[in-house]
Protein chains: 2
Amino acid sequence: MNQKDPKIPKIAVIRMALYAKHLGLLDNQGIRVVSSVELADLCGVNPAQIRKDLAYFGQFGTRGLGYPVPELSLSIKKILGTNRIWHLGLVGVGNLGRALLRHSQFAEQGFVFTAAFDLDPQVVGTLVSGVKVSHVDQMKRMIRERSPFDIGVLAVRPEEAQSVADRLKDSGIRAILNFTPMVLALGPDVYVENVDFTVRLHLLCYSMTHGSDVTQQHPR
Amino acid sequence: MNQKDPKIPKIAVIRMALYAKHLGLLDNQGIRVVSSVELADLCGVNPAQIRKDLAYFGQFGTRGLGYPVPELSLSIKKILGTNRIWHLGLVGVGNLGRALLRHSQFAEQGFVFTAAFDLDPQVVGTLVSGVKVSHVDQMKRMIRERSPFDIGVLAVRPEEAQSVADRLKDSGIRAILNFTPMVLALGPDVYVENVDFTVRLHLLCYSMTHGSDVTQQHPR
DNA sequence: TAGATTGTTAATCGATTAACAATC
DNA sequence: TAGATTGTTAATCGATTAACAATC
């Protein structure tokens, strides 16, 4: 997979999501124009950093005026690839899986669950939050025939994580949001993001133990 | 809250948790000694970085030999403050809250839920995963009388996030793991870690859209 | 002692911020 | 035109990595 441009730091991409969020809020308030200083205040970053980050992707403002809110909002969404609906497929309809299916945050941001898989016969065939649960053995066939989703969401037990991830990869899935504590070995063709709540707890423990803040207020 | 030492980067603290995890695995395998090169391989980092990170906190190895696994494992736990049980209090026993209460990862790492609060009369009084759910109006009194937990876990609706966080702060809680999408305004006396799944999805979208990997394999 | 590996300093690399010319 | 603010370069800051003396 080719690297785009002279190398954009991933931290800059993460901040783009932050900017998009605040531009969306400004847009909803009917505000048409914003300066880098104003946006920086809202996001809690340096104004020069916003201008630098945006410059990685093009020119979006007007000197002397600032940035047009609705246009910049859409531009950033296009850059992030979030100016469309992405379909999610859940594997593992346990406690966490159920909570994710019902988590309204996802749909609000254009992430929609279109499939769910489990191996428990008690769960297979049921409807959770409007999504029919299929048997995990049907997964490969369903993905190949209908490609019902873009991103696999992994919420199975740790023991099954690698084998389910392998099956997702074999079926053609190229992105996985991994809620298990396992480090997945899938090679460079599959993008993996690990979500580990306990790392955050470790940071809170460190801060409390030492009276030294290593937390960050803004989401990463 | 005083800053310890000549300034330890938070990324170094995050890596300490990574080292602790792999040292624990080595210890379970009965391995007694490890070099910075071997540990670096396991963790996927540079060996000099491990030696540098450890040097922030003291001397743990023997030149010519390496590091004693069980001793270093315990030392890092002491540094992180995870050589003890931490008690968690959940606020908001919805889908996500329930999943967190039942999430076995927490207990395995020494994080134990000892209290849970909600305002739904259907839920108050029930037992979820061995934890009795109390009314949120009882929270302040319970914390002040019994201080049943150290860290508040916030899984309420966004609208309630700030007011519940304020109540936790008033009750004396000094650390919050925030699962809501709201940025909490609590001042410097409360440590806050935000958990936002959707940021991770944005990164996957960017990677898929551009064919340029901005994900990280190792959990943050 | 010779070989190995830490602890630490110095060199490198990359990201953030300041400054300012371009320009609306 | 004068004032404002971007886009971009240069300066600063901080983190990573290389190198090596200390030492087991």
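Chain naming here is simple, since letters A, B, ... match the order of the sequence lines and numbering starts at 1 in each. Because the structure is predicted, anything quoted here is derived from the model rather than measured. Heavy atoms only: backbone and side chains are in, while hydrogens, waters and symmetry mates are out.
At a cut-off of 3.5 Å, with distance as the only test, no side-chain donor of A:S171 or A:R144 sits close to an acceptor on the other residue.
Separation of the A:H210 and A:Y206 ring centroids falls under the 6.0 Å cut-off. Residues B:H87 and B:F111 place their aromatic rings such that the two centres sit no closer than 6.0 Å.
Checking side-chain atoms of A:E38 against main-chain N and O of A:S35 turns up a donor-acceptor pair under 3.5 Å.
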task = List the protein contact pattern of nucleotides 5-15 of chain D with one symbol per nucleotide (5' to 3'): B for base contact, S for sugar-phosphate-only contact, - for none; contact means a heavy-atom distance under 4.0 Å.
result = BBBBB-----S
query = Step by step, would you call B:R84 with B:D150 a salt bridge (charged side-chain N to carboxylate O under 4.0 Å, His left out)?
reply = CA-CA 12 Å; B:R84 48 160 284 194; B:D150 316 288; 3.4 Å; yes
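Nucleotide D:dC24 forms a Watson-Crick or G-U wobble pair with C:dG3, both donor-acceptor distances falling under 3.5 Å. Across all strands shown, the partner of C:dA15 is D:dT12, judged by Watson-Crick or G-U wobble contacts whose two distances both fall under 3.5 Å.
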